[in-house]
Amino acid sequence: MTTMSDIYENVMEVARRRGFVWPSSEIYGSVAGFIDYGPLGAMMKRNVENVWRNFYIIQEGYYEIECPTVGAEAIFVASGHVKEFADKMCQCPHCGEYLRADHIAEEHGVEGAGALSAEMLKSRIYELPCPACGETMGETDVFNFNLMFETTIGPGSQRRGYLRPETAQGIFTDFARLLRFYRDKLPFGAVQIGKSYRNEISPRQGMIRLREFSQAEAEIFVHPEEKKHPVFHRYAEYQVPLLTYGLQETGKPPVQKTMRDAVDEGIVANEYVAYYIALTHELLVTIGVDPEKLRFRQHMPDERAHYAMDCWDAEVFSGRFGWVEIVGIADRTDYDLRAHAANSGSSFTVFIPFEEARKVSRKRIVPDMGVLGPRYRGRAKAIADTMAEATPGEAGVTVEVDGEEIFIPAEQYQIREEEVEVRGEEVMPHVIEPSYGIDRMMYVVLEHAYAEEEVEEEVRRVLRLPPAVAPVQAAVFPLMNRDGLDLIARQIADTLARRQIVAQYDDSGAIGRRYRRQDEIGTPFAVTVDYDTKEDDTVTIRDRDSMEQVRIPVDQVADVVCSLIAGTMTFRDLAA
RNA sequence: GCAUCGAUGGUCUAGUGGUAUGACUUUGGCCUUCCAAGCCAAUAGCCCGGGUUCAAUUCCCGGUCGAUGCACCA
């Protein structure tokens with residue numbers, strides 16, 4: 001039987017051999033951190049993404065957008081990635097080791113070393129020993145290693161661009177357009193599924209840490225003071241294992257909590273974060289993650305990314321890698337919108353009307369233009385505008401126009417108190433972000449689905465993939481490749497194809513071998529045409545997991561297979 | 001990036017200074033009335049670059065990829 005340590009090798013061996021995942025550009029030597037999805041892998045990945053779409057687009061109503069993977073420098077200056085998404089590194093002049101400069105400083109009691117500039121760090125580590133060889137660091141440059149891939153846009157290498165390190169920024173930069181699309185109301189959200197890029201220093205761990213990877217992200221814009229999810233009740237009683245940072249500090253295991261309790265007890269910051277924790281749990285179980293190997297871990301305060309306020313990771317246990325972060329659910333506050341507003345000059349606020357317009361009394365300076373006009377001529381308008389913003393003194397008001405201070409005596413204006421109707425306010429939304437690593441989901445689903453079992457002294461390898469993500473949904477076999485059985489089987493395969501089912505026809509070799517082949521790629525159901533079919537127009541349908549067979553009429557095959565795949569009927573129902 | 005080890009048909013592997021073993025898989029044929037049966041045949045391989053040598057898959061150097069440890073993983 002499979003031991004913990006070699007499950008990865010067994011899973012990846014099947015994945016390679018059967019066309020799920022291949023090393024990229026093998027013929028020229030593959031590069032760490034890049035993979036190809038083969039035919040079955042690409043199919044399965046599409047299925048996983050479509051399950052994700054069912055949750056976020058169909059259930060939640062957040063539409064999908066698609067933005068470029070290359071972005072101009074300004075985007076990532078604003079997002080903070082140019083500055084923050086980098087490690088301060090240095091190279092030991094004695095042993096040549098590459099090291100994190102801030103880590104060296106921190107180990108020797110320098111508080112907040114992560115926030116120091118490169119120059120500061122350089123001087124702080126001057127007298128410290130190298131953690132690799134023990135020699136004093138001395139004169140060594142501290143440099144930023146940015147994890148973004150850099151490129152240039154257009155000829156002449158004039159404009160700097162970056163491959164996006166997350167899909168989120170595209171949604172933020174489309175904020176104003178999206179707000180109009182959703183007719184100027186909060187909350188609203190947009191999602192994006194696509195490639196992101198991070199130039200990892202040393203990627204290992206196969207599909208777990210890639211330099212080019214697929215993300216599925218939702219950015220949900222909510223009122224900053226009202227983080228109550230409109231349909232929170234959907235998941236209010238849903239139970240999820242939560243590993244709070246308090247529990248982590250004391251080394252305790254996660255606690256099962258309903259989402260309502262988690263919010264009421266202040267464990268999870270707000271209903272939105274809790275809602276997407278529960279939704280993520282349901283989604284991951286749907287694609288085939290073992291619920292016994294799934295938990296939600298809260299980020300420690302010092303662990304959070306530069307933009308996050310509260311953050312929970314969905315972690316899945318892998319026999320090879322231990323607990324692996326698959327999904328991050330963060331309350332990014334208004335960090336991103338504020339940054340893009342400041343850098344772009346565009347508006348990132350939403351006008352929220354009050355339920356009733358509020359009457360606000362305020363004082364307003366009304367200049368006597370009959371006096372100001374003739375006196376200041378061309379500058380009169382500017383002076384009047386400036387006065388409206390100013391606070392008048394006893395004798396008059398001083399305004400500054402074009403760098404010149406001008407005193408306007410009190411008799412040249414009136415102070416009018418007036419009631420103004422304020423109909424609402426401009427607020428900058430907060431962003432709730434569930435962010436999924438599709439490739440990691442792919443790996444853990446394959447690992448959790450993989451099983452070896454003894455059947456009549458032979459090892460049967462089977463991928464117990466849920467029908468919703470299995471790359472091939474049904475197999476169709478003639479028991480013998482003659483006597484017209486093959487023709488009937490081909491017709492059944494055609495019928496299934498017309499019903500949008502991915503069906504594989506196979507007539508090669510013994511029937512048992514064909515079942516095993518399909519087991520290994522996770523095909524949930526197999527239809528077999530035998531000699532009884534010619535007598536009574538029935539076929540057998542076989543269940544991958546139980547290996548049991550049920551005989552059903554040929555003309556019901558498509559309906560039954562569709563129901564089984566959609567999950568509206570189980571094989572057990574069929575057998576009963 | 002450093003250190004150690006490794007890389008042989010699709011997969012797993014034997015072995016070698018003179019082009020390579022076996023099994024499984026795959027394909028074709030025979031046989032076969034439901035879970036990798038049997039028989040015959042076929043296809044297919046020494047990670048890449050350089051060096052030493054008459055000759056390198058084998059020895060040496062460099063690289064790539066992988067495993068392990070260190071470092072790294074917003």
Side-chain angles (χ1 to χ4, degrees), chain A residues 5-6 8-10 12-19 22-35 38 76 79-92 95-100 102-104 114 130-133 145-148 165-166 198-206 208-211 299 303-308 311 320-321 324-325 328 330 435 455-462 477-483 485 508-520 526-534 539-544 546-549 551:
Chain A
S5 61
D6 61 19
Y8 172 81
E9 260 141 56
N10 291 329
M12 291 312 286
E13 193 264 309
V14 169
R16 255 198 314 280
R17 191 158 40 79
R18 303 314 298 263
W22 292 324
S24 202
S25 66
E26 255 181 311
I27 58 165
Y28 292 109
S30 31
V31 184
F34 297 94
I35 56 166
F76 302 109
S79 70
H81 283 97
V82 169
K83 209 175 197 165
E84 306 279 345
F85 196 58
D87 295 330
K88 298 222 170 46
M89 301 200 60
C90 62
Q91 190 175 20
C92 173
C95 64
E97 185 81 327
Y98 282 96
L99 303 151
R100 281 281 293 264
D102 52 334
H103 285 197
I104 300 174
C130 166
C133 68
F145 177 77
N146 197 292
L147 262 26
M148 283 192 294
E166 58 176 10
R198 296 178 191 183
N199 201 0
E200 299 285 356
I201 296 167
S202 172
R204 285 195 202 165
Q205 310 175 320
I208 299 295
R209 268 182 73 216
L210 294 170
R211 286 179 167 135
H299 276 204
E303 179 189 358
R304 291 197 284 257
H306 61 268
Y307 45 70
C311 186
R320 174 53 166 269
F321 302 110
V324 178
E325 175 199 343
S435 171
V455 177
E456 290 167 19
E457 292 172 28
E458 287 272 359
V459 176
R460 181 172 92 115
R461 281 197 271 207
V462 53
F477 308 142
L479 183 60
M480 291 294 140
N481 188 15
R482 63 180 185 217
D483 302 328
L485 298 186
S508 104
I511 188 81
R513 181 188 302 272
R514 285 179 265 163
Y515 286 134
R516 289 295 185 278
R517 248 188 228 138
Q518 296 297 333
D519 288 341
E520 205 175 53
V527 175
T528 302
V529 173
D530 59 16
Y531 284 94
D532 289 352
T533 308
K534 292 178 72 171
V539 293
T540 62
I541 179 158
R542 169 199 186 257
D543 176 49
R544 173 197 67 202
S546 63
M547 294 169 62
E548 282 168 17
Q549 286 175 291
R551 189 160 274 280

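The shown structure was predicted, so the numbers you read here are calculated from the model rather than taken from an experiment. Hydrogens, waters and symmetry mates are skipped; everything else that's a heavy atom, side chains included, is used.
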Side-chain heavy-atom pair Lys534(A), Asp483(A) within 4.5 angstrom cut-off
yes
Whole-Å distance, Met12(A) CE to rG10(B) P, equals 18 Å
Between CD of Glu9(A) and P of rU13(B) the distance, given in whole Å, is 9 Å
Need one value for Leu479(A): base, sugar-phosphate or nothing, where a base atom within 4.0 Å counts as base even if backbone is also close, heavy atoms only. base
Separation of the P atoms in rC70(B) and rU16(B), to the nearest angstrom: 35 Å
Comparing Pro23(A) with Ala510(A), nearest RNA chain B nucleotide closer to 5' gives the residue Ala510(A)
Exercise for review: Pick base, sugar-phosphate or nothing for Arg544(A), based on heavy-atom distances below 4.0 Å to the nucleic acid.
Suggested key: nothing
Ignoring hydrogens and angles, does a donor from either the side chain of Ser30(A) or the base of rC65(B) sit under 3.5 Å from an acceptor on the other? no
**Prompt:** Is there a side-chain contact between Val527(A) and Thr540(A) (heavy atoms, below 4.5 Å)?
**Reply:** no
Arg16(A) CZ to rC65(B) P, in whole Å, measures 15 Å
Atom CD of Glu520(A) and atom P of rU11(B) are separated, to the nearest Å, by 13 Å
Q.
Quiz question: going by heavy-atom distance under 3.5 Å, is there a donor-acceptor pair between the base of rC35(B) and the side chain of Arg542(A)?
A. yes
- Message: Do Leu147(A) and His81(A) have side chains that approach each other closer than 4.5 Å (heavy atoms only, starting at C-beta)?
- Response: no
Among the nucleotides rC34(B), rC72(B), rG66(B), whichever has the atom closest to the side chain of Arg209(A) is rC72(B)
Against the side chain of Glu13(A), the closest entry in rU33(B), rC34(B), rC12(B) is rC12(B)
Polar-atom pairs under 3.5 Å, protein N or O versus N or O of nucleotides 22-28 of chain B: list them with distances, or write none.
residue, atom, partner, partner atom, Å
rU25(B), OP1, Arg513(A), NH1, 2.7
rU26(B), OP1, Arg517(A), NE, 2.8
rU26(B), OP1, Arg517(A), NH2, 2.6
rU26(B), OP2, Arg513(A), NH1, 3.2

With syn meaning chi within 90° of zero and anything else anti, the base of rU19(B) is syn
Considering only the C1' atoms, how many Å lie between rU43(B) and rU27(B), rounded to the nearest integer?
7 Å
- Taking atom C1' in both rU21(B) and rC34(B), compute the distance separating them and give it to the nearest angstrom. 37 Å
By nearest-heavy-atom nucleotide on RNA chain B, the more 5' of Val31(A) and Tyr531(A) is Tyr531(A)
- prompt: Is there a side-chain contact between Tyr515(A) and Thr528(A), using heavy atoms and a 4.5 Å cut-off?
  reply: yes
Original post:
Are the side chains of Arg542(A) and Glu548(A) in touch, meaning some heavy atoms are under 4.5 Å apart?
Top reply: no
- Message: Between rU4(B) and rU8(B), how far apart are the two C1' atoms, rounded to whole Å?
- Response: 22 Å
Point to revise | Between rA44(B) and rC39(B) - C1' atom distance, rounded Å | key: 22 Å
ask   = How far does the P atom of rC47(B) sit from the matching atom of rG10(B), given to the nearest Å?
value = 12 Å
Atom CZ of Arg460(A) and atom P of rC35(B) are separated, to the nearest Å, by 13 Å
task = Determine whether Pro165(A) and Phe76(A) make a side-chain contact, defined as any pair of heavy atoms from C-beta on separated by less than 4.5 Å.
result = yes
**Item:** Interatomic distance at C1', rC72(B) relative to rG63(B), whole Å
**Value:** 22 Å
Salt-bridge present (Arg460(A), Glu520(A); N to O < 4.0 Å): no
Among rC35(B), rG66(B), rU33(B), the one nearest any side-chain atom of Met547(A) is rC35(B)
Taken to the nearest whole Å, CG/Leu147(A) to P/rC72(B) is 13 Å
The salt bridge (charged side-chain N to carboxylate O under 4.0 Å, His left out) partners of Asp532(A) (sequence neighbours excluded) come to Arg551(A)
Of the candidates rC34(B), rU68(B), rC35(B), the side chain of Val455(A) sits closest to rC35(B)
Side chain proximity check, Val324(A) to Ile208(A), heavy atoms < 4.5 angstrom = yes
Of the listed rU33(B), rC34(B), rC65(B), the closest approach to the Asp530(A) side chain comes from rC34(B)
Note to self: If the cut-off is 4.0 Å, is Arg211(A) near the phosphate of rC72(B), judged by side-chain N/O to OP1 or OP2?
What the structure shows: no
Q: Return yes if the base of rC34(B) and the side-chain atoms of Tyr515(A) contain a donor-acceptor N/O pair under 3.5 Å, otherwise no.
A: yes
Quick check: do Arg516(A) and Arg461(A) have side-chain heavy atoms less than 4.5 Å from each other? no
From the candidates rC35(B), rC12(B), rG66(B), the one with an atom nearest any side-chain atom of Gln549(A) is rC35(B)
note: Arg482(A), atom CZ; rU33(B), atom C1'; distance rounded to Å ~ 8 Å
Winner on side-chain proximity to Thr528(A), out of rA36(B), rC34(B), rU33(B), is rC34(B)
Whole-Å distance, Phe34(A) CZ to rC65(B) C1', equals 14 Å
When you compare rU25(B) with rC40(B), how far apart are their P atoms, in angstrom units rounded to a whole number?
15 Å
